Amino acid sequence: MTTYRELMRESGSPERLVTGDFTAARGGRAALEALRRWPDADAVYAASDATAFGVIAALRGRGVQVPHDVAVAGFDDLPYAAVSSPPLTTATHPVDRIAAAAATAVLTRAPAAPSTAFPSTLVARESA
């Protein structure tokens with residue numbers, strides 16, 4: 001969220017954020033709230049794929065076409081993302097590398113080390 005806020009500030013654009021809880025139910029309610037607050041919205045980035053699935057369902061329930069009217073993207077690259085309708089654009093992270101680094105730190109009782117960044121990868125599909 002920090003990067004989003006920095007980008008909005010640098011571009012002179014207002015922040016458009018709706019809080020959630022990583023569930024499909026909250027994603028649906030958040031999507032409808034976002035459309036009420038910003039009827040010109042043409043994209044939604046959800047903090048998780050589960051939330052994005054709720055966003056898509058709520059938008060469709062209002063007759064909004066994804067991605068024609070509003071693009072939707074999530075985060076996690078859950079297995080269902082590739083076969084959902086439309087297939088969900090998402091980001092993935094190297095879970096195996098993150099888990100290995102965490103296990104190694106615990107097993108070796110390594111002293112607190114600087115945080116390690118594990119970059120995410122965009123998985124472009126039809127929803128955006």
Side-chain angles (χ1 to χ4, degrees):
M1 190 169 344
T2 301
T3 301
Y4 168 77
R5 287 187 162 136
E6 288 173 5
L7 289 170
M8 294 298 98
R9 187 172 40 256
E10 288 172 10
S11 71
S13 300
E15 291 181 17
R16 292 182 171 187
L17 295 171
V18 178
T19 60
D21 63 4
F22 302 96
T23 65
R26 178 62 185 133
R29 292 190 309 273
L32 298 179
E33 179 183 339
L35 287 182
R36 276 193 308 276
R37 293 170 66 183
W38 307 293
D40 63 331
D42 61 2
V44 173
Y45 177 74
S48 73
D49 287 354
T51 303
F53 297 143
V55 168
I56 291 171
L59 293 176
R60 283 187 167 164
R62 294 292 170 119
V64 177
Q65 295 180 27
V66 176
H68 184 265
D69 300 322
V70 176
V72 177
F75 188 89
D76 286 327
D77 197 22
L78 296 177
Y80 183 68
V83 296
S84 64
S85 181
L88 182 64
T89 293
T90 187
T92 186
H93 42 275
V95 175
D96 54 338
R97 290 181 44 217
I98 295 168
T104 299
V106 169
L107 294 172
T108 62
R109 296 194 170 131
S115 61
T116 302
F118 294 93
S120 299
T121 303
L122 176 66
V123 181
R125 296 193 182 106
E126 295 173 26
S127 69

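Predicted model only: the values in this text are computed from it and were never measured. By convention here, the first residue in the shown sequence is residue 1. What's counted below: heavy atoms across the whole structure, side chains too, no hydrogens, waters or symmetry copies.
In terms of the side chain to side chain contact (heavy atoms under 4.5 Å, CB included) criterion, residue partners of Ala25 (sequence neighbours excluded) are, by chain and number, Thr23, Arg29. The side chain to side chain contact (heavy atoms under 4.5 Å, CB included) test applied to Ser13 returns Met8, Ser11, not counting sequence neighbours. Checked against salt bridge (charged side-chain N to carboxylate O under 4.0 Å, His left out), Arg5 has the following partners two or more places apart in sequence or in another chain: Glu15. In this structure Arg37 satisfies the salt bridge (charged side-chain N to carboxylate O under 4.0 Å, His left out) test together with Glu33, sequence neighbours excluded. Taking Asp40 as the reference, Arg16, Trp38 meet the side chain to side chain contact (heavy atoms under 4.5 Å, CB included) condition, with sequence neighbours excluded.
Nearest heavy-atom pair across Glu126 and Pro86 is CB-CB, 4.1 Å.
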Side-chain donor-acceptor pairs under 3.5 Å in residues 58-68, sequence neighbours left out?
residue : atom : partner : partner atom : Å
Arg60   : NH1  : Ser85   : O            : 2.8
Arg60   : NH2  : Ser85   : O            : 2.7

For residues 44-56, tabulate all N or O donor-acceptor pairs below 3.5 Å that involve a side-chain atom, not counting sequence neighbours.
residue : atom : partner : partner atom : Å
Ser48   : OG   : Thr51   : N            : 3.1
Ser48   : OG   : Thr51   : OG1          : 2.8
Asp49   : OD1  : Phe75   : N            : 2.9
Asp49   : OD1  : Thr90   : OG1          : 2.6
Asp49   : OD2  : Asp77   : N            : 2.8
Asp49   : OD2  : Leu78   : N            : 2.7
Asp49   : OD2  : Thr90   : OG1          : 3.4

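Two residues are said to be in side-chain contact when any heavy atoms from C-beta on lie closer than 4.5 Å; Thr121 and Thr92 meet this criterion.
Taking Ile, Leu, Val, Met, Phe, Trp and Tyr as members and joining any whose side-chain heavy atoms lie under 4.5 Å apart, directly or through other members, the hydrophobic cluster of Phe118 also contains Ile98.
Taken to the nearest 0.5 Å, the CZ atom of Arg26 stands 5.0 Å off from the OG1 atom of Thr19.
Within the structure, the salt bridge (charged side-chain N to carboxylate O under 4.0 Å, His left out) test picks out no pair touching residues 84-107 (sequence neighbours left out).
Remark: the backbone N or O of Leu88 is paired with a side-chain donor or acceptor of Arg125 at under 3.5 angstrom.
Tracing side-chain contacts under 4.5 Å through hydrophobic residues (I, L, V, M, F, W, Y), one reaches Val83 starting from Val72; they form part of the same cluster.
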